[in-house]
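Below: one structure, written as structure tokens.
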Amino acid sequence: MNPEFRITSVIPHRHPALLVDRLGEVEPGKRLTAYKAVSVAEPAYRGLAQGAAQEYAYPASMMLESWAQAALLLACWERPNPDVRTGQVTLGAGVRDARVLGSVYPGSVLVHEVTLVRDLGDTVVTRGSSSVDGRRVLEVEQLTFALRPAAELESLAEAAVLASP
């Protein structure tokens, strides 16, 4: 099976917001390894002069988002929902002790390691790290996801629109 298809059959992210390129080892309910190749074609490098992207580190926020998408893949592996308008929507509920330990440049491949800490059904807690060539560049002590019914969130959004002036 096409690795990107497996990714997009589990989570709703699509290009250019999809920041996981392929999967490595997956142990459902336990751990997952995912990969993100950082290139000069990234939206973060658009508008820079030819060759200048090599001088700029990949934004830490994008590195964390890429790791979070890997964590989301593990959290949703056994309950995929590529369409956020139906089923359970997974919301990032909180991140604790995320530390950027190094810079990442175009040409690098981020290796995301994610471990499932706890799955309470409607809440999933993960932790892990990212590395490049064996050098740890990101640590996340805890990322929590909340799973909520799409219909419930849609009715809340409609109520908010009706209540706005």
Side-chain angles (χ1 to χ4, degrees), residues 3 6-38 42-45 56-106 108-157 160:
R6 180 58 180 150
I7 292 167
T8 58
S9 70
V10 176
I11 62 175
H13 301 72
R14 302 294 182 266
H15 179 77
L18 179 62
L19 299 178
V20 174
D21 297 325
R22 66 185 173 91
L23 298 171
E25 200 171 332
V26 178
E27 270 188 75
K30 294 185 180 183
R31 62 187 192 86
L32 175 141
T33 303
Y35 301 90
K36 165 65 178 151
V38 177
E42 301 290 335
Y45 297 120
Y56 291 92
Y58 192 56
S61 60
M62 301 301 284
M63 189 169 29
L64 179 59
E65 172 65 22
S66 182
W67 182 88
Q69 289 180 19
L72 181 61
L73 280 160
L74 179 60
C76 295
W77 193 261
E78 297 180 295
R79 49 182 168 232
N81 186 23
D83 180 359
V84 296
R85 296 168 294 177
T86 63
Q88 294 282 319
V89 176
T90 309
L91 307 168
V95 64
R96 183 171 56 85
D97 292 333
R99 295 175 295 284
V100 176
L101 305 172
S103 298
V104 176
Y105 293 90
S108 301
V109 176
L110 282 162
V111 180
H112 302 305
E113 299 287 341
V114 182
T115 303
L116 192 129
V117 176
R118 179 169 283 146
D119 185 342
L120 301 170
D122 65 350
T123 305
V124 178
V125 180
T126 61
R127 77 165 51 141
S129 63
S130 298
S131 61
V132 172
D133 295 328
R135 174 180 54 92
R136 194 168 278 192
V137 294
L138 176 72
E139 291 178 346
V140 180
E141 185 59 36
Q142 182 175 309
L143 176 61
T144 304
F145 294 105
L147 286 80
R148 300 294 182 262
E152 181 182 303
L153 296 174
E154 189 173 309
S155 64
L156 288 172

### Message
side-chain contact (heavy atoms from CB on, under 4.5 Å), that's the test. Do Arg127 and Val125 meet it? Break it down for me.
### Response
CA-CA 7 Å; Arg127 77 165 51 141; Val125 180; over 6 Å; no
Approximate separation, where rounding is to 0.5 Å, of [X] [atom1] and [Y] [atom2]:
X: Thr33; Y: Leu23; atom1: OG1; atom2: CG; result: 9.0 Å
X: Leu73; Y: Arg6; atom1: CG; atom2: CZ; result: 8.5 Å
X: Phe145; Y: Leu116; atom1: CZ; atom2: CG; result: 10.0 Å
X: Thr8; Y: His13; atom1: OG1; atom2: NE2; result: 12.0 Å
X: Ser129; Y: Glu141; atom1: OG; atom2: CD; result: 11.0 Å
X: Glu139; Y: Glu113; atom1: CD; atom2: CD; result: 12.5 Å

For [X] and [Y], which heavy atoms make the closest approach, and how far apart are they?
X: Ala57; Y: Tyr105; answer: N-CE2, 3.5 Å
X: Val20; Y: Ala34; answer: CG1-CB, 3.7 Å
X: Val100; Y: Ala60; answer: CG2-CB, 3.7 Å
X: Tyr58; Y: Met63; answer: CE2-N, 3.8 Å
X: Leu74; Y: Glu27; answer: CD1-O, 4.0 Å
X: Ser130; Y: Leu110; answer: CB-CD2, 4.2 Å

### Query
Within the side chain of Tyr56, is there an N or O that forms a donor-acceptor pair under 3.5 Å with the backbone of Ala44?
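It does not hold such a pair.
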#### Entry: Donor-acceptor pair, side chain of Arg136 and main chain of Gly102, under 3.5 angstrom
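No; zero donor-acceptor contacts below 3.5 Å.
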Compare all side-chain heavy atoms of [X] with those of [Y] and state whether any distance is below 4.5 angstrom.
X: Val137; Y: Trp67; value: no
X: Pro43; Y: His15; value: no
X: Val38; Y: Met62; value: no

### Task
May I have the step-by-step check of side-chain contact (heavy atoms from CB on, under 4.5 Å) for Ile11 and Leu18, ending in yes or no?
CA-CA 9 Å; Ile11 62 175; Leu18 179 62; 4.2 Å; yes
Whether over 12 other heavy atoms sit under 6.0 Å from [X] [atom1]:
X: Asp133; atom1: CG; value: no
X: Arg135; atom1: CZ; value: yes
X: Tyr35; atom1: OH; value: yes

### Message
If we check side chain to side chain donor-acceptor pair (under 3.5 Å) with Lys36, which of these qualifies: Glu65, Glu42, Gln69?
### Response
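Going through Glu65, Glu42, Gln69 one by one, the side chain to side chain donor-acceptor pair (under 3.5 Å) with Lys36 is satisfied by Glu42 alone.
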### Task
Go through the structure and list residues passing side-chain hydrogen bond (donor to acceptor under 3.5 Å, both in side chains) with Asn81, not counting sequence neighbours.
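Not a single residue meets the side-chain hydrogen bond (donor to acceptor under 3.5 Å, both in side chains) criterion with Asn81.
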